[in-house]
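Below: the structure, in structure tokens.
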Amino acid sequence: MAEEKALIPIAEGWFEDQGWKPFQFQRESWHAYLSGYNGLVNAPTGSGKTYSLVMPILLEYIRENGGATSSVGKNGLRAIWITPIKALAKEISNSAQRAVAGLGLDWQVSLRTGDTSPADRQKMKKNPPEFLITTPESLQLMLAQKGYPKFFKNLRAVVCDEWHELMGSKRGVQMELGLSRLKTICPKLKIWGISATIGNMDEAVQALLGASLDKGKSKIIRSDIKKVIEVESVLPDTLEKLPWAGHLGVNLIDKVIPIIKNSNSTLIFTNTRSFAEIWYQKLLDRAPELAGTMAMHHGSISRELRDWVEDALHNEQLKAVVCTSSLDLGVDFRPVETIIQIGSPKGVARFMQRAGRSGHQPGALSKIYFVPTHSLELVEAAALREAIKVGLVEDRIPFIRSFDVLIQYLVTLAVSDGFDEREIFEEVKETFCYNSIDRDEWLWLLSFITTGGSSLTAYDEYRKVEIEDGLYKVTNRRIAMRHRLSIGTIVSDSSLKVKYITGKYIGTIEEWFIARLSPGDVFWFAGRNLEFVRIKEMVVQVRNTKKKAKAVPSWMGGRMPLSSQMSVMLRKKLHGVTLKGKKTDPELNFLMPLMELQRKRSHLPNKDEFLIEYFKSKEGYHVLMYPFEGRFVHEGMGALLAKRISEITPITLSIAMNDYGFELLSDREIPIYEALETDVLTSDNLYQDIQGSMNSVEMARRRFRDIASISGLVFKGYPGQQIKDRHLQSSSQLFFDVFHDYEADNLLLLQAYEEVMDFQLEEARMRRALERIHQQKIIVTEPEKPTPFAFPIMVDRMREKLSSEKLEDRIRRMTLDFEE
DNA sequence: GACCTGCTGCGGTCTG
């Protein structure tokens, strides 16, 4: 293209002024954008990915204006940059401003998030900036404004940054819907995404662009920057020092401290908030000299404290930070020298993301230390290393048919200018999420927002939308305001604020934890000893104390099972163990004595074998199986088998599982051989049998809480006077029960069941696992004593029943049992 | 003093 020949050098010249040289992928992005493509840039953080799209957006403007710059306010909104995290907005804004000034333009670059003042919002609405950085939620809020098409009419580009973070969530669905609207009202719109590497890159583009654009001109630009990641496991002096079960890993603390001391800056990633608290505390106990140069960071700590930590890390005031995935993304701070991962990261992408926090410069080596919390976890370290080497990364599965988000979106459009249902139906059908929606479903949704559907017709509250001159509209101001307040798809868990008596906010804690404490008790939170004073109006009041804490809070969070990519690699590594000869992974060599014990007591399965262990102990009869498919699949598989076995003979089985396998336990003999003969592991009738074996109604009921909230059935309360979570819970359950009893075809109800199958039971993955096992040779052993594979599962089961001390006793006795 | 599983993210008017 001739004009590009004139344009690209402008960007190149500016890069040269900065002392930079454009990467190949940046040039490719510039060309693709300027030639009219939509697409996705696949590049790691810290590689100048922002400039790969900021530049062509500006160049296109220069092209249209024949090189001239024009005054602010005349152009309207030209580009929207979506970030999933507010904290990233400032950095993007700085880059954009730098480029704008560098190219001699007088574009205005502005942020629009929940933190933006109402006055600034008004200003922006009247006089839009050319370049707007915002969040998916704020974009929806803009669509809820009267006259939004005028606001967006000059828009040329939407960039979805960190698209891999959004696409696997309902926030991604929200983006798809927002884009479907913008495509119609901005005819010249180009849509681009920026994504880290994921397994399903092509699907990522489809979800972003939807059917219409994906068929047109679209491109994936892959960065040529290769990251070298080195994985080093922290090993104890002897194998005996590493426990067979457990999750905390503090017994390796003395090996971790020197790593921290030898480095200028270290991030220590833990899997849970409570582990971050515990590790921080233990590190201070063991190495008091770290006080003042070490801090902690997780999602329940106040934003103010976290900001301080991020700044201090940036300014090199801090030497180490113990954190959770709260620092996975967020501030794109200067790279740290050292990364430590405590326990299994459960997924390759997460591990690589964290490793990438060190050696930030393109081409630099990233090193990550892996601290195992139990012996078998070391196999995961070897699996991670191999996955990184061969480039096996997890998929992000886009949500399909999330009717709760669609309902919210339709009301959003009704709140602003109202919508023509035929027009919007066509747009919605073009999205990845809803491409299978049919006319009947659509009509159900319309009736739901106008009448509340068949079971809620009697209540005025749910007649939110009216039809006026053929347009679906919200006319009631109260409904409109409530709706604006509840835009978004993130449903928070129940929590209480923790504040000093003086009023300073420290963070949030869950009600059930504080319920166990009495006034005067001391607990450890946000890295300090806090004395619990009282609860007043949903606020936990505390004061600092010198007394030692007797408890560390834990939070009920999401549970992450081992990813299927990790499962594949784990099984591969275990197969490697069965082969003769020295292993290339140091972890596996270290573990060989344990593996030998497994072989001696039972069997060490290779890739063509499936191991089942059957034995009797004082507790009863145990059957253990090891699919290595993550705990969700094992939970479902355990229930499935329990059901099928009890059809052979009436028997009560209790189920326990971890990421490696599951256990069935009974006080009576388990007819396992008979069960295997009747093909108890078949994937036939899987769907029905799961439904029959699990309490799927109860699971769906729990799932429905979020759906009710997102679809606007329950209102979370006005700011400052939040409705108690218990009310939210009970009212959403009420809706569930009503739909369950009177409106079985309610799409939101059906969605709850679908979500249970897809996300909680991972039905598709279970099916694949059963099919794989069907191809394998089944080996049943009858070990005399519990095996290294069995031990952690049995411990996890007992953990739920026994108090901690008793458990410790029991583990000690079991361990003694193991000695030959 | 030991005991400790369970992440992250967002978000407030209209109209003249």
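All values derive from a computational prediction rather than experimental measurement. Lettering of chains follows the sequences in order, A, B, ..., and the numbering in each one begins at 1. Just so you know, these numbers use all the heavy atoms, side chains as well, and skip hydrogens, waters and symmetry mates.
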Touch class at under 4.0 angstrom, heavy-atom based, for [X] against every strand present:
X: A:R516; value: nothing
X: A:Q145; value: sugar-phosphate
X: A:R350; value: nothing
X: A:K170; value: nothing
X: A:G299; value: sugar-phosphate
X: A:R484; value: sugar-phosphate
X: A:S486; value: nothing
X: A:K548; value: nothing

[atom1] of [X] versus [atom2] of [N]: gap in Å, rounded?
X: A:D285; N: B:dC4; atom1: CG; atom2: C1'; value: 15 Å
X: A:I710; N: B:dG11; atom1: CD1; atom2: C1'; value: 13 Å
X: A:L88; N: B:dC10; atom1: CG; atom2: P; value: 9 Å
X: A:R631; N: B:dG6; atom1: CZ; atom2: C1'; value: 9 Å
X: A:L111; N: B:dG11; atom1: CG; atom2: P; value: 11 Å
X: A:E277; N: B:dC7; atom1: CD; atom2: P; value: 12 Å
X: A:L248; N: B:dG6; atom1: CG; atom2: P; value: 11 Å
X: A:H483; N: B:dC14; atom1: NE2; atom2: P; value: 13 Å

A:T489 side-chain N/O to B:dG9 phosphate OP1/OP2 under 4.0 Å: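 Result: no.
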Test side-chain contact (heavy atoms from CB on, under 4.5 Å) applied to A:K146 - qualifying residues, sequence neighbours left out: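 Partners of A:K146 under the side-chain contact (heavy atoms from CB on, under 4.5 Å) test: A:D417.
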Residue list, side-chain contact (heavy atoms from CB on, under 4.5 Å) with A:H483, at least two apart or on another chain: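 Once residues adjacent in sequence are excluded, the partners of A:H483 under the side-chain contact (heavy atoms from CB on, under 4.5 Å) criterion are A:Q408, A:V411, A:T412, A:V415, A:I487.
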Set of salt bridge (Lys or Arg N to Asp or Glu O under 4.0 Å) partners for A:R181, sequence neighbours left out: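 Salt bridge (Lys or Arg N to Asp or Glu O under 4.0 Å) check on A:R181 returns A:E423, A:E427.
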Those residues that, when tested against A:E304, pass salt bridge (Lys or Arg N to Asp or Glu O under 4.0 Å) (two or more places apart):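 For A:E304 the salt bridge (Lys or Arg N to Asp or Glu O under 4.0 Å) partners, ignoring immediate neighbours, are A:K504.
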Parallel, tilted or perpendicular, as decided by the 30° and 60° cut-offs, for the rings of A:F662 and A:H634: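 A:H634 and A:F662: tilted rings.
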Of residues 134-141 of chain A, the positions that come close to DNA chain B - non-hydrogen atoms, cut-off under 4.0 Å: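 Per residue number, the list reads A:T135, A:E137, A:S138, A:L141.
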Check: A:S325 side chain, B:dC7 base, donor-acceptor under 3.5 Å: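 Check passes, donor-acceptor contact within cut-off.
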Closest approach of A:G114 to A:S138 (non-hydrogen atoms, all atoms of both residues):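 That closest heavy-atom pairing would be N-OG, 4.1 Å.
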N-O pairing of A:D659 and A:K346 below 4.0 Å: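 Counted as a salt bridge, because a side-chain N and a carboxylate O are separated by less than 4.0 Å.
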Within the 6.0 Å centroid threshold, strictly below: A:F269 and A:Y369: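 No: the rings miss the under 6.0 Å criterion.
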For DNA chain B, the dot-bracket pattern of Watson-Crick and G-U pairs whose distances stay under 3.5 Å, | for other-strand partners: ................
Listed nucleotide nearest any side-chain atom of A:T324, set B:dC10, B:dC14, B:dT8: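 Selected nucleotide (nearest to the side chain): B:dT8.
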